[in-house]
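Just below is one structure, and these are the notes that go with it.
Side chains are part of it too, since the values below use all heavy atoms of this structure and drop only hydrogens, waters and symmetry mates.
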Amino acid sequence: MLYPREVRATDDNTNRLTQQDWERLQALCIFDDEFLALVFEDCFEGTELLLNIVLDRDDMKVIKITRQREIKGLEGHSIRLDIAAEDADHKVYDIEIQKYKEGNLPLRARYYSSMLDTTLLRRGEEYSKLVPTYVIFFTEKDTVGDGLPLHHYVMKDVDSNAPLGDEHHIIFVNGSNRDESTALGKLIHDFKSTKASDMFYAPLADRVHYFKETEGGSQSMSGVFEEIRREAAEKAAKEAAEKAAKETAIVTFIETARYFNSAEDNIKELIMEKYDLDESTADSYLLKKSA
């Protein structure tokens, strides 16, 4: 269903947000992960629309949606899913936004898929209880680089090309796709639109309108921005503490090495290797401590 392209009246909600927050809100689109999580939270029609388009179906029935679900690794890296959904056949979908280049996307998708599997079996259950999983990354750029709008990967035999049948799917959706003659192109257009009145699909436009142009939506976004600021402050404090601890460790290492009359060149080589420093930074530590 296409969304009528008229400008809707807005509520006076600027008093719910700071001016900076208000301007930031107007610049947000679904390709921003914090906004995607809100747009699709409890939005069954919108999630069904997305999955129908990506999977080339017309019968999707979503029964559960969870936003920003955290999966903790027992000993390794934890992850936070942008949107997790389950359909009527109990297939599980993880919908992620990759707006900026961050690490190796195929390996990240592999890790997300494996972590998703850890949540699907209780102790003692047979592997036959594992349900099909789909990890779907919407990437702002053409990650694969061949211009195709979508890539759908499954495990296959190297020689015969026969699928393994493990029901494990990884999908990359090319966010640079501009072909609005297709349903997927229209979806990408809507993901990148900052205004509800510019969007094609009503379920998504209605959600964007709610968060950007109604009082209730602005209250929700005010809470989101407060949480973002809190997380940013915690991250900055953690990074500052880690930096201070590293600097203390380097200083202590240099002083100890000098106490035992180690050569300056040897100290430099050791701190570069031990603390992952470039030559210029290592020199600055040695000169500073010599002063």
Side-chain angles (χ1 to χ4, degrees), residues 29-37 39-40 47 50-57 60 62 65-87 90-121 127 130-179 182-185 187-192 235 276:
C29 65
I30 300 175
F31 245 110
D32 295 293
D33 54 3
E34 67 267 34
F35 200 51
L36 169 126
V39 167
F40 283 96
T47 306
L50 182 155
L51 294 175
N52 275 329
I53 291 173
V54 170
L55 300 175
D56 195 22
R57 293 176 53 173
M60 182 63 65
V62 172
I65 301 172
T66 307
R67 77 175 178 100
Q68 295 184 327
R69 174 189 177 188
E70 185 174 11
I71 303 177
K72 293 185 177 295
L74 293 179
E75 296 183 1
H77 186 68
S78 298
I79 63 173
R80 184 167 67 175
L81 310 181
D82 287 342
I83 289 290
E86 180 181 340
D87 71 10
H90 302 294
K91 297 177 182 177
V92 175
Y93 306 86
D94 168 33
I95 303 165
E96 297 288 326
I97 287 293
Q98 183 71 36
K99 189 170 184 180
Y100 306 104
K101 187 174 182 180
E102 182 181 318
N104 190 311
L105 186 59
L107 293 181
R108 184 181 175 197
R110 165 186 162 183
Y111 190 76
Y112 272 52
S113 181
S114 65
M115 288 291 285
L116 201 56
D117 277 345
T118 66
T119 69
L120 299 178
L121 282 184
Y127 291 115
L130 279 174
V131 300
T133 62
Y134 294 75
V135 174
I136 304 170
F137 272 91
F138 283 80
T139 63
E140 188 174 38
K141 306 297 183 182
D142 181 2
T143 301
V144 179
D146 59 8
L148 294 178
L150 180 147
H151 290 84
H152 187 157
Y153 298 95
V154 296
M155 190 79 75
K156 290 188 176 183
D157 183 271
V158 172
D159 297 315
S160 69
N161 208 37
L164 179 62
D166 61 349
E167 295 291 356
H168 157 227
H169 302 256
I170 292 176
I171 298 173
F172 297 152
V173 182
N174 179 5
S176 65
N177 172 25
R178 299 180 180 276
D179 185 3
T182 67
L184 185 57
L187 183 67
I188 293 299
H189 167 92
D190 284 4
F191 266 50
K192 292 189 170 184
K235 181 179 179 181
D276 192 26

Practice item. May I ask you to test the Asp32-Ile97 pair for a side-chain heavy-atom distance under 4.5 Å? Key: no
- So do Tyr112 and Leu81 actually touch side chain to side chain, heavy atoms under 4.5 Å? yes
Across all chains, not counting sequence neighbours, the side-chain contact (heavy atoms from CB on, under 4.5 Å) partners of Ser113 are Thr133, Val135, His168
- Item | Check: Thr47 and Ile65 side chains under 4.5 Å, non-hydrogen atoms | yes
Handout entry: Side-chain heavy-atom pair Val92, Tyr134 within 4.5 angstrom cut-off
Key = no
In this structure, CD1 of Ile83 is separated from OG1 of Thr66 (nearest 0.5 Å) by 8.0 Å
Has Ser176 got a side-chain atom pairing as donor or acceptor with Glu140's backbone, closer than 3.5 angstrom?
no
Rounded to the nearest 0.5 angstrom, the OG1-NE2 distance for Thr139 and His151 is 10.0 Å
By salt bridge (charged side-chain N to carboxylate O under 4.0 Å, His left out), Arg69 pairs with (sequence neighbours left out) none
Residue set satisfying salt bridge (charged side-chain N to carboxylate O under 4.0 Å, His left out) with Glu34, at least two apart, ordered chain then number -> Arg24
Contacts of His152 meeting ring-ring contact (aromatic ring centres under 6.0 Å, His included) (sequence neighbours excluded), chain-then-number -> His169
Checklist entry - Heavy atoms, side chains only, cut-off 4.5 Å: are Phe40 and Arg67 in contact? => result no
Between Asp117 (side chain only) and Ser114 (backbone N and O only), is there a donor and an acceptor less than 3.5 Å apart?
no
For the residue pair Ser160 and Asp157, confirm or rule out a side-chain donor-acceptor distance under 3.5 Å.
yes
For this session: Kindly indicate whether the side chain of Thr143, heavy atoms from C-beta on, has any atom under 4.5 Å from the side chain of Asn174.
Result: no
Test side chain to side chain contact (heavy atoms under 4.5 Å, CB included) applied to Asp87 and Met60, step by step:
CA-CA 7 Å; Asp87 71 10; Met60 182 63 65; 3.7 Å; yes
* Asked: Are Leu51 and Ile136 side-chain neighbours, meaning at least one heavy-atom pair lies under 4.5 Å?
  -> yes
The reported gap from CG in Asn177 to CG in Leu148 (rounded to nearest 0.5 angstrom) is 10.0 Å
Any sub-3.5 Å donor-acceptor pair from Asp82's side-chain atoms to Gln68's backbone N or O? no
Sub-4.5 Å side-chain heavy-atom contact between Leu55 and Ile171
yes
Discussion item. Is it true that, when you exclude Asp56 itself, more than 12 heavy atoms of the residues, nucleotides or ligands shown sit nearer than 6.0 Å to its CG?
Written reply: no
CG (Asp94) and CD1 (Ile71) are apart, to the nearest 0.5 Å, by 7.5 Å
- Leu164/Val154 under side chain to side chain contact (heavy atoms under 4.5 Å, CB included): CA gap, chis, key distance, verdict: CA-CA 8 Å; Leu164 179 62; Val154 296; over 6 Å; no
In short, Asp142 meets Gly147 closest at the heavy-atom pair OD2-N, 2.7 Å
Sequence neighbours excluded, the answer for side-chain contact (heavy atoms from CB on, under 4.5 Å) partners of Asn161 is Lys156
Worksheet item: Any chance CZ of Arg57 has more than 12 other-residue heavy atoms, nucleotides or ligands included, within less than 6.0 Å?
Response: yes
Inset, instruction - Indicate yes or no for a side-chain donor-acceptor contact from Tyr111 to the backbone of His77 under 3.5 Å, with no hydrogens or angles considered. - result: yes
Applying salt bridge (charged side-chain N to carboxylate O under 4.0 Å, His left out) to Arg80 and not counting sequence neighbours gives Glu231
Rounded to the nearest 0.5 angstrom, the CG-CD1 distance for Leu36 and Ile95 is 7.0 Å
Practice item. Output yes when a side-chain donor or acceptor of Lys192 lies under 3.5 Å from a complementary backbone atom of Ile30, and no otherwise. Key: no
Are Phe172 and Phe138 close enough that their ring centres sit under 6.0 Å apart?
no
The reported gap from CZ in Arg110 to CG in Leu105 (rounded to nearest 0.5 angstrom) is 13.5 Å
